[in-house]
Amino acid sequence: MLKRISALVLAGATALTLTACGGGDGSAAKGGDGALVMGFAQVGAESGWRTANTKSVQESAKSAGVELKFSDAQQKQENQIKAIRSYIQQKVDVIAFSPVVESGWDTVLKEAKDANIPVILTDRAVDSKDTSLYKTFLGSDFIEEGRKAGKWLVEEYKDSKDPVNIVELQGTTGSAPANDRKAGFAEVVSADSKFNVIASQSGDFTRAKGKEVMEAFLKANPKIDVLYAHNDDMGLGAIEAIEGAGKVPGKDIKIITVDAVHDGMQALADGKINYIVECSPLLGPQLMDLAKKVVKGEQVPARVVTEETTFTQEQAKQALPTRQY
Ligand code: GZL
């Protein structure tokens, strides 16, 4: 959108105030043939989920006629902040990003607000107290995802009285999915004292780190019954470690993960994972729709929760052939 002009009639006055979204000085980014210009600051490319999310955003921008400026922060907050500042400089119409961690965003979000550029949070949330710093948050309910994982485990062990030793591979330290998936899971399993989380450490949502931390867990803990991994990729890395230790994943150690990306679903269908809680990365279409509304100055919901489900081994076999990611 070269220049969005919305007339604002002031209550009690006839003066029209012309406001332009985009640059604070009224000039906006130059989108080819007047296209809306979005600056998107992506977390990185750490997992299959992130790759699918990036594809969804890029393809949706193309089909929505949105000019997308895209950056990959390699999971570093300072890179995301730099990218947001560059979008402000370029006077884009709207900024969208998935905050790699929850804290430390108020200053740069205030700069975007002062520049009259609306911000949309997608995928992950921030812990800013000032909710005027962003227009809406589109993404999953990570606490509920943790609860779903816990509920499956309670059901799986409902007839057993023996202690259940659990190790947990957390996502990126300080990120909303790591904090909330841990909290939701703990809320459910802490209700029964037979469940013991004997070790919990970050694998940073990557396969390599998931394998490394699981190797350490296996060395330090002779009896592990369950692994709860905050994403498929860490779970897949852990499977390598479990097999390397001569144990059978899915049998000697039951595994619950979150995401339901293709490789995770394949491992689930093969019996190496026992249960997956879906977290949909396909946020692109809703993001573009919200961006157009926000730039037009239309009201949007403060929170848009994405639809998602869960998969057992049998359900994975049925779903695999038609999965989009
Ligand atoms: C969740 C997303 C998480 C995924 C991981 O919405 O932020 O980040 O669960 C990804 O796979 O790395």
Side-chain angles (χ1 to χ4, degrees), residues 40-57 72-77 79-80 96-103 105 120-127 136-149 168-185 202-211 213-214 227-239 255-268 273 275-287 303-311 323-325:
F40 190 94
Q42 181 59 290
V43 166
E46 73 282 1
S47 62
W49 190 98
R50 189 64 55 197
T51 307
N53 178 246
T54 291
K55 187 164 174 271
S56 175
V57 168
D72 169 339
Q74 286 141 15
Q75 290 187 286
K76 290 185 174 55
Q77 181 173 29
N79 290 345
Q80 280 193 303
F97 78 117
S98 168
V100 61
V101 291
E102 287 190 289
S103 308
W105 300 100
I120 295 175
L121 300 182
T122 164
D123 171 27
R124 298 183 184 177
V126 298
D127 61 9
T136 182
F137 165 37
L138 162 64
S140 304
D141 179 342
F142 301 130
I143 294 179
E144 189 50 33
E145 290 174 348
R147 290 192 189 108
K148 287 176 184 176
E168 180 180 28
L169 284 171
Q170 295 182 39
T172 301
T173 303
S175 68
N179 293 336
D180 292 353
R181 284 172 185 166
K182 180 172 173 41
F185 181 79
S202 175
D204 210 15
F205 283 132
T206 69
R207 277 196 202 199
K209 200 87 176 89
K211 179 181 180 187
V213 175
M214 190 67 201
L227 162 66
Y228 168 45
H230 290 183
N231 82 330
D232 293 350
D233 289 69
M234 293 188 293
L236 292 163
I239 284 169
I255 301 178
I256 308 163
T257 66
V258 185
D259 276 352
V261 295
H262 180 272
D263 291 355
M265 291 287 274
Q266 189 59 62
L268 181 61
I273 291 178
Y275 190 67
I276 298 187
V277 176
E278 185 183 43
C279 174
S280 176
L282 305 180
L283 304 176
Q286 285 173 292
L287 174 59
R303 179 77 174 89
V304 180
V305 182
T306 37
E307 306 268 316
E308 48 206 31
T309 182
T310 56
F311 293 95
R323 289 292 283 172
Q324 289 183 60
Y325 62 96

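Positions are given from 1, in the same order as the sequence printed here. Note: hydrogens, waters and symmetry copies are ignored here, and every other heavy atom, side chains too, is used. In each ligand, atom 1 is the first atom listed, and ligand 1 is the first ligand listed.
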Can you list the atoms of ligand 1 that are under 4.0 Å from a heavy atom of [X]?
X	result
Cys279	1 (C), 6 (O)
Ser47	5 (C), 10 (C), 11 (O), 12 (O)
Glu46	8 (O), 10 (C), 12 (O)
Phe142	1 (C), 6 (O)

Does a donor on one side chain and an acceptor on the other come within less than 3.5 Å for Thr122 and Ser98?
no
Heavy-atom check, side chain of [X] versus side chain of [Y], under 4.5 Å:
X	Y	result
Asp233	Glu46	no
Asp263	Asp232	no
Tyr228	Val258	yes
Asn231	Trp49	no

Option from Glu145, Glu308, Lys148 for which side chain to side chain contact (heavy atoms under 4.5 Å, CB included) with Glu278 holds
Glu308
If you measure every N/O of Arg181 against every N/O of ligand 1, is any gap under 3.5 Å?
yes
Min N/O separation Asp233 to ligand 1 under 3.5 Å:
no
What residue and heavy atom of the protein are closest to atom 3 (C) of ligand 1, and at what distance?
Arg124 NH2, 3.7 Å
So which protein heavy atom does atom 6 (O) of ligand 1 come closest to, and at what separation?
Asp123 OD1, 2.3 Å
Judged on heavy-atom distance to atom 5 (C) of ligand 1, which of Asp259, Thr51, Thr206, Asp232 sits nearest?
Asp259
Say whether, by atom type as modelled, one donor and one acceptor occur between the side chain of Ser47 and the main chain of Thr206 under 3.5 angstrom.
no
